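In what follows, a structure is listed as structure tokens, so that the remarks can point back to it.
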Amino acid sequence: MDRMENMKLMDIYNRLYNNFGPRHWWPAKDDFEMIIGAILTQNVAWKNVEVAIENLYSRDLIDLYRLYNAKNEEIIDAIRPARFFNQKLRYIKAFCKHIIDEYGGELDKFFDKDTKTLRRELLSLPGIGEETADVIILYGARKPIFVVDAYTKRLVSLLGIMDGPFTYPRVQQYFMSNLETDLYLFNEYHALIDAWGNIICRGKAAKCAECPLSDLCSICTLDRTKDRIAPVI
DNA sequence: TTCCTGCGTT
DNA sequence: AACGCCGGAA
């Protein structure tokens, strides 16, 4: 734990928290819905996922066994707004099958495993990459792990707080080695970075005037008219 | 790298 | 019409 790096990261966290307030993630009624949402949201706007989840609820399919036994056409019909529906159908069914075969359909038994084992097991499943695995560990199993997404890479790149290349494990290691291992902190930090990337720092339409980190940003100087350059990731 | 491939925003 | 989205696989 480097004191200076910790101060930098906590300063960023506090600015985001003061600006956006607590985000109360993950937005789901239960753990199963949380996991389905995590798969459906891959490279898709969350608004589309909300529709897909609602479609599943209206078909009474937010349930491990009912979803696993449902017809492919019915699931595709429901999740179509979340894009890549053929792949995501396979991913969802594979996850359900795994929990049914290995844990008798009980998610809690799956979550009981230690973080490292849980992560390995999640990564072995189709459609579960590093980000989705960590999201499920943090917001589903409620174990402290730092989630890295495209916004996180954009943030460290723009603020110049760490050296590249900004690969998933390197960025994750940077945050986890310089922050207290705290479930609430990791929960809010990722959710706040998402709010920042989603609401403020969205590519061409970036609202630098409203950004609580503008004075730390290497390319977003407000005192001169300057075209934004895409961050190198 | 490319494919997957819906929808609100600009 | 083009962009970009709470990515992952091959």
Side-chain angles (χ1 to χ4, degrees), chain A residues 13 16 20-29 31 33-56 72-73 75-95 98 119-142 145-158 165-172 175 186-210 227-233:
Chain A
Y13 173 79
L16 293 174
F20 297 109
R23 307 306 296 166
H24 308 295
W25 271 27
W26 183 279
K29 294 193 202 59
D31 291 343
E33 182 198 324
M34 185 269 134
I35 290 166
I36 299 305
I39 293 172
L40 291 180
T41 199
Q42 290 167 359
N43 206 33
V44 174
W46 180 252
K47 202 156 268 185
N48 292 28
V49 179
E50 287 183 316
V51 177
I53 297 274
E54 200 44 52
N55 289 342
L56 289 170
N72 291 349
E73 297 73 34
I75 299 176
I76 287 178
D77 222 37
I79 68 174
R80 185 173 295 276
R83 298 184 80 194
F84 316 126
F85 39 82
N86 284 310
Q87 301 186 116
K88 288 174 180 179
L89 166 70
R90 291 202 310 275
Y91 300 163
I92 288 170
K93 286 225 164 181
F95 181 85
H98 186 255
R119 193 173 200 271
R120 259 203 308 274
E121 204 165 314
L122 282 164
L123 290 175
S124 76
L125 298 174
I128 312 281
E130 294 192 279
E131 180 179 343
T132 306
D134 289 337
V135 158
I136 292 172
I137 293 169
L138 179 65
Y139 297 105
R142 299 167 216 281
I145 195 162
F146 201 92
V147 175
V148 175
D149 63 355
Y151 296 148
T152 313
K153 293 177 180 177
R154 184 186 301 172
L155 185 140
V156 297
S157 172
L158 288 177
F166 305 113
T167 63
Y168 194 100
R170 290 190 79 253
V171 177
Q172 182 177 52
F175 279 91
F186 288 179
N187 179 320
E188 284 297 337
Y189 213 141
H190 172 65
L192 287 164
I193 290 176
D194 173 78
W196 170 79
N198 214 335
I199 301 169
I200 305 283
C201 195
R202 36 170 55 235
K204 283 175 73 176
K207 300 169 183 169
C208 298
E210 301 169 32
D227 287 334
R228 290 178 49 79
I229 307 163
V232 180
I233 299 175

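Letters A, B, ... are given to chains in the order of the sequence lines, protein chains preceding strands, and every chain is numbered from 1. All values derive from a computational prediction rather than experimental measurement.
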Residues in side chain to side chain contact (heavy atoms under 4.5 Å, CB included) contact with A:Asn86, at least two apart in sequence or another chain: A:Ile76
For A:Glu50, side chain to side chain contact (heavy atoms under 4.5 Å, CB included) partners two or more places apart: A:Trp46, A:Lys47
Ring pair (Phe, Tyr, Trp, His ring centres under 6.0 Å) against A:Phe146, all qualifying residues, sequence neighbours excluded: A:Phe175, A:Phe186, A:Tyr189
Sugar-phosphate, base or nothing in reach of A:Trp196, heavy atoms under 4.0 Å: nothing
Validation: residues 131-142 of chain A side-chain donor-acceptor distances under 3.5 Å, sequence neighbours left out:
{"unit_1": "A:Thr132", "atom_1": "OG1", "unit_2": "A:Gln42", "atom_2": "NE2", "d": "3.0"}
{"unit_1": "A:Asp134", "atom_1": "OD1", "unit_2": "A:Arg119", "atom_2": "NE", "d": "2.7"}
{"unit_1": "A:Asp134", "atom_1": "OD2", "unit_2": "A:Arg119", "atom_2": "NH2", "d": "3.0"}
{"unit_1": "A:Asp134", "atom_1": "OD2", "unit_2": "A:Tyr168", "atom_2": "OH", "d": "2.6"}
{"unit_1": "A:Asp134", "atom_1": "OD2", "unit_2": "A:Gln172", "atom_2": "NE2", "d": "2.9"}
{"unit_1": "A:Tyr139", "atom_1": "OH", "unit_2": "A:Asn187", "atom_2": "O", "d": "2.7"}
{"unit_1": "A:Arg142", "atom_1": "NH2", "unit_2": "A:Asp31", "atom_2": "OD1", "d": "3.0"}

Presence of A:Arg154 side-chain N/O under 4.0 Å of C:dC5 phosphate oxygens OP1/OP2: yes
Whole-angstrom distance between B:dC4 and C:dG4, as gauged at atom C1': 15 Å
Qualifying residues under ring pair (Phe, Tyr, Trp, His ring centres under 6.0 Å), relative to A:Phe95, sequence neighbours excluded: none
Steps toward side-chain contact (heavy atoms from CB on, under 4.5 Å) verdict (A:Asn55, A:Ile79): CA-CA 7 Å; A:Asn55 289 342; A:Ile79 68 174; over 6 Å; no
Nucleic acid footprint by protein, nucleotides 2-10 of chain B - heavy-atom cut-off 4.0 Å, B for base, S for sugar-phosphate alone: --BBBS-S-
Partner set under side chain to side chain contact (heavy atoms under 4.5 Å, CB included) for A:Pro22, not counting sequence neighbours: A:Tyr17, A:His24, A:Tyr184, A:Glu188
Below 4.0 Å: OP1/OP2 of C:dG8 and any side-chain N or O of A:Thr132: yes
Stretch residues 121-128 of chain A: residues that reach within less than 4.0 Å of DNA chain C through a heavy atom: A:Leu125, A:Pro126, A:Gly127, A:Ile128
Counterpart residues, side chain to side chain contact (heavy atoms under 4.5 Å, CB included), relative to A:Arg90 (two or more places apart): A:Gln87
Integer-rounded Å distance: C:dG8 C1' and A:Lys88 NZ: 10 Å
